[in-house]
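Notes to accompany the following structure.
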Amino acid sequence: MANESPLSFEAGAFQCFVRGLRGVWRDQAYRGAVQAAQDADSDDPAVIERYARASPAYGLYAWLERHSQQFKYYGRWGIVRSMEGQRERLATILDEAAARHSERLALDATLPLPDYVSEVDTHQHGGGLWSDACDAFAYETSSTGYTFSLFDSGSPMAVYADTARAIAPAARTILDLGCTIGGSTQALARAFPDALVTGLDVCAPPLMLAHLRALEQGLKVHWRQQNVECLSDATSSIDLVASHWLYHEMPPVAVRRSLRAARRVLRDGGGLMAYDMYLLPGGAVGRWLQAGYAARNNEPFAHTYAAMDMQAELEAAGFAEVRMHIAHPQADAAVQAGALPPVRTHFMTMITARAA
């Protein structure tokens with residue numbers, strides 16, 4: 001399965017078509033939508049939305065943002081549809097992998113899923129990541145094939161590993177929160193080959209797939225099904241707590257609980273890093289774009305996370321030396337200063353802090 005594409009020729013060709021739609025969304029439609037927003041001449045995203053709705057360019061932009069994602073998953077040769085025809089085979093693959101080095105994979109069938117996981121079809125993916133093996137393989141195919149902004153899906157992992165080495169160069173114990181299929185955890189395991197690296201997620205299928213991929217790559221990684229709001233690790237036992245695209249999927253109260261849990265398990269001076277969509281270039285228009293994306297892609301907490309004062313939240317949870325910057329993709333000086341980019345881009349922010 002490691003070198004085998006789960007998509008047929010027809011499905012692969014269809015995904016190329018969807019990428020083409022995404023290109024129109026990212027370029028021409030985006031520029032038209034931004035012009036409509038700027039014509040509104042308002043600092044209120046709600047006012048911008050009411051004004052922009054009269055613009056055909058914004059109508060196209062919004063339609064593509066919503067429906068290209070639906071096509072990707074559920075079109076005639078969509079990724080989820082393709083996986084559903086392989087349900088039994090994919091489940092067998094994961095079950096067989098779980099039996100190999102089973103001491104590295106700790107699943108909890110009694111763990112209740114948070115409402116923000118079980119009641120939201122995140123990314124418009126019915127059942128999210130928690131239902132079955134099809135969901136895990138579909139997410140892997142989607143996230144490694146192309147990102148929503150069409151940048152290289154592998155390059156963020158280099159940023160992730162480099163940041164970890166910078167803030168905790170001697171880390172021996174590492175937790176990777178919300179690891180899903182484990183790409184970020186594997187990057188940490190390569191960066192810290194002598195450390196005990198554990199990936200955590202509340203959903204079992206992606207953890208099982210992460211375990212399989214680590215075995216295929218010869219990486220000794222541990223995986224644990226657990227809610228990141230309540231970590232089971234001993235107090236002051238961890239050197240580095242990392243998270244990758246986690247907090248924008250959680251309501252603010254859950255983010256706060258996770259930060260407190262991370263601080264409890266971290267040793268004094270231990271590092272925390274969070275890679276996610278937080279800083280939004282473009283002022284009110286940037287916030288308007290993010291709110292629209294959150295609504296149309298079934299990510300209801302993306303804009304609430306961006307509205308949190310993470311400096312204050314981290315300090316209240318017991319962290320110091322809080323720093324944040326746009327980490328990926330590389331932003332020019334104008335965007336770093338707050339200007340909108342020339343094409344639609346989901347910039348990722350790296351937030352780092354140290355346990356006080």
- [ ] Flag yes if Leu280 and Tyr305 sit in one hydrophobic cluster, no otherwise; membership is Ile, Leu, Val, Met, Phe, Trp, Tyr, and two members link when side-chain heavy atoms are under 4.5 Å apart.
- [x] no
- [ ] Evaluate whether atom NE2 of His325 has more than 12 neighbouring non-hydrogen atoms of other residues, nucleotides or ligands under 6.0 angstrom away.
- [x] yes
- [ ] Might you point out which heavy atoms bring Asp135 and Gly127 nearest each other, and give the distance in Å?
- [x] OD2-O, 4.0 Å
- [ ] Determine the minimum heavy-atom distance between Tyr160 and His244, stating which atoms define it.
- [x] OH-N, 3.5 Å
- [ ] Answer yes or no: is there a donor N or O on one side and an acceptor on the other, between the side chain of Asp239 and the main chain of Gly270, under 3.5 Å?
- [x] no
Open item on the list: When you compare the side chains of Glu249 and His123, does any donor N or O come within less than 3.5 Å of an acceptor on the partner?
Closed with: yes
Task: Worked verdict on Thr122 versus Asn298 for side chain to side chain contact (heavy atoms under 4.5 Å, CB included) - done: CA-CA 5 Å; Thr122 305; Asn298 292 6; 5.7 Å; no
Task: Main-chain N/O of Glu88 paired to Thr92 side chain as donor or acceptor, under 3.5 Å - done: yes
Task: Approximate separation, where rounding is to 0.5 Å, of Tyr278 OH and Ile351 CD1 - done: 6.0 Å
Open item on the list: Between Glu315 and Gln311, do the side chains contain a donor N or O and an acceptor N or O under 3.5 Å apart?
Closed with: yes
- [ ] Give the cluster check for Leu219 versus Trp223: same hydrophobic cluster or not, with ILVMFWY residues linked at side-chain heavy-atom distances below 4.5 Å.
- [x] yes
TODO: Could you give me the CA-CA distance, side-chain angles and deciding distance for Val159 and Met350, then say whether side chain to side chain contact (heavy atoms under 4.5 Å, CB included) is met?
DONE: CA-CA 9 Å; Val159 174; Met350 182 64 78; 4.3 Å; yes
Task: Backbone N/O of Glu299 and side chain of Asn297: donor-acceptor pair under 3.5 Å - done: no
Open item on the list: For residues Val343 and Val18: do they belong to one hydrophobic cluster (side chain heavy atoms under 4.5 Å, members Ile, Leu, Val, Met, Phe, Trp, Tyr)?
Closed with: no
Task: Lys/Arg-Asp/Glu bridge criterion (N-O < 4.0 Å) met for Asp233, Arg224 - done: yes
- [ ] Give a yes or no on whether Leu111 and Leu200 share a hydrophobic cluster (residues Ile, Leu, Val, Met, Phe, Trp, Tyr; joining criterion: side-chain heavy atoms under 4.5 Å apart).
- [x] yes
TODO: Step through the shown structure and confirm whether more than 12 heavy atoms of other residues, nucleotides or ligands are within 6.0 Å of CG on Asp309.
DONE: yes
TODO: Mind listing the closest non-hydrogen atom pair of Pro300 and Val120 along with its distance?
DONE: CD-CG1, 3.9 Å
Task: Donor-acceptor pair between Arg323 and Thr352 side chains, under 3.5 angstrom - done: no
- [ ] Could you tell me whether Asp43 atom CG has more than 12 heavy atoms of other residues or ligands within 6.0 Å of it?
- [x] no
Task: From CG (Asp27) to CZ (Arg344), nearest 0.5 Å - done: 12.5 Å
TODO: Quick one: closest heavy-atom pair of Val335 and Asp332, and the distance?
DONE: N-OD1, 2.8 Å
Task: side chain to side chain donor-acceptor pair (under 3.5 Å) contacts in which one or both residues fall within residues 185-196, not counting sequence neighbours - done: Asp176-Thr185, Gln186-Gln217, Arg190-Gln217
- [ ] Measure the spacing between SG of Cys134 and CZ of Arg81 and express it to the nearest 0.5 Å.
- [x] 13.0 Å
Task: Any donor-acceptor N/O pair, His211 side chain to Arg100 backbone, under 3.5 Å - done: yes
TODO: Given side chain to side chain contact (heavy atoms under 4.5 Å, CB included), test Leu215 with Arg104 step by step and report yes or no.
DONE: CA-CA 10 Å; Leu215 292 175; Arg104 300 180 193 170; 3.9 Å; yes
Open item on the list: Would you call the rings of Phe14 and Phe71 parallel, tilted or perpendicular, taking 30° and 60° as the class edges?
Closed with: perpendicular
TODO: Measure the spacing between CD1 of Ile167 and CG of Leu272 and express it to the nearest 0.5 Å.
DONE: 7.0 Å
Task: Gln290 side chain to Arg287 side chain, donor-acceptor N/O pair below 3.5 angstrom - done: no
- [ ] Look only at the side chain of Ser102 and the backbone of Ala98, and say whether a donor-acceptor pair between them is shorter than 3.5 Å.
- [x] no
Open item on the list: Is there a salt bridge (Lys or Arg N to Asp or Glu O under 4.0 Å) between Glu140 and Arg213? Walk through the geometry before answering.
Closed with: CA-CA 11 Å; Glu140 178 186 50; Arg213 296 307 186 214; 2.7 Å; yes
Task: Gap between atom OG1 of Thr345 and atom CD of Gln330 - 0.5 Å precision - done: 12.5 Å
Open item on the list: Starting from Leu314, can I reach Met308 by hopping between I/L/V/M/F/W/Y residues whose side chains sit under 4.5 Å apart?
Closed with: yes
Task: Distance in Å, Leu105 CG paired with Leu207 CG, rounded so as to fall on 0.5 Å steps - done: 6.5 Å
Task: Gly178 versus Val228, closest heavy-atom pair with distance - done: N-CG1, 3.9 Å
Distance-only check: which donor-acceptor pairs under 3.5 Å involve side-chain atoms of residues 52-59, not counting sequence neighbours?
| residue | atom | partner | partner atom | Å |
| --- | --- | --- | --- | --- |
| Arg53 | NE | Glu49 | OE2 | 3.0 |
| Ser55 | OG | Ala57 | N | 3.2 |
| Ser55 | OG | Tyr58 | N | 3.3 |
| Tyr58 | OH | Glu49 | OE1 | 2.7 |
| Tyr58 | OH | Glu49 | OE2 | 3.2 |
| Tyr58 | OH | Arg296 | NH1 | 3.1 |

- [ ] Apply side chain to side chain contact (heavy atoms under 4.5 Å, CB included) to the pair Gln15 and Leu7, showing each step before the final yes or no.
- [x] CA-CA 10 Å; Gln15 294 304 317; Leu7 298 181; 4.1 Å; yes
Task: Closest heavy-atom pair and its distance - Gln124, Tyr74 - done: O-CE1, 3.4 Å
Open item on the list: Under the criterion salt bridge (Lys or Arg N to Asp or Glu O under 4.0 Å), I'd like the reasoning laid out for Asp268 against Arg263: C-alpha separation, chi angles, the key distance, then a yes or no.
Closed with: CA-CA 9 Å; Asp268 289 348; Arg263 176 60 190 93; 2.9 Å; yes
Open item on the list: Please check this pair: side chain of Thr304 against backbone of Phe301, looking for a donor-acceptor N/O pair closer than 3.5 Å.
Closed with: yes
Open item on the list: Donor-acceptor check, side chain of Ser237 to backbone of Ala234, threshold 3.5 angstrom: yes or no?
Closed with: yes
Open item on the list: For the backbone of Gln225 and the side chain of Asp201, can you confirm whether one donor and one acceptor N or O come within less than 3.5 Å of each other?
Closed with: no
Open item on the list: Testing the 3.5 Å rule here: is there a donor-acceptor pair between the side chains of Ser68 and Arg22?
Closed with: yes
Task: Geometric class of the Trp245/His248 ring pair [parallel <30°, tilted 30-60°, perpendicular >60°] - done: perpendicular
TODO: Report yes if the distance between the aromatic ring centroids of Tyr293 and His346 is under 6.0 Å, otherwise no.
DONE: yes
Task: Between Tyr275 and Thr349, a side-chain donor and acceptor under 3.5 Å - done: no
Task: Test item: Ser243 side-chain N/O and Leu246 main-chain N/O as donor-acceptor pair under 3.5 Å - done: no
- [ ] Give me the ring orientation class for Tyr30 and Tyr61: parallel if the planes are under 30° apart, tilted from 30 to 60°, perpendicular past 60°.
- [x] tilted
Task: Polar contact flag, side-chain donor to acceptor under 3.5 angstrom, Thr110-Asp108 - done: yes
Task: N/O donor-acceptor pair under 3.5 Å between His67 side chain and Trp63 backbone - done: yes
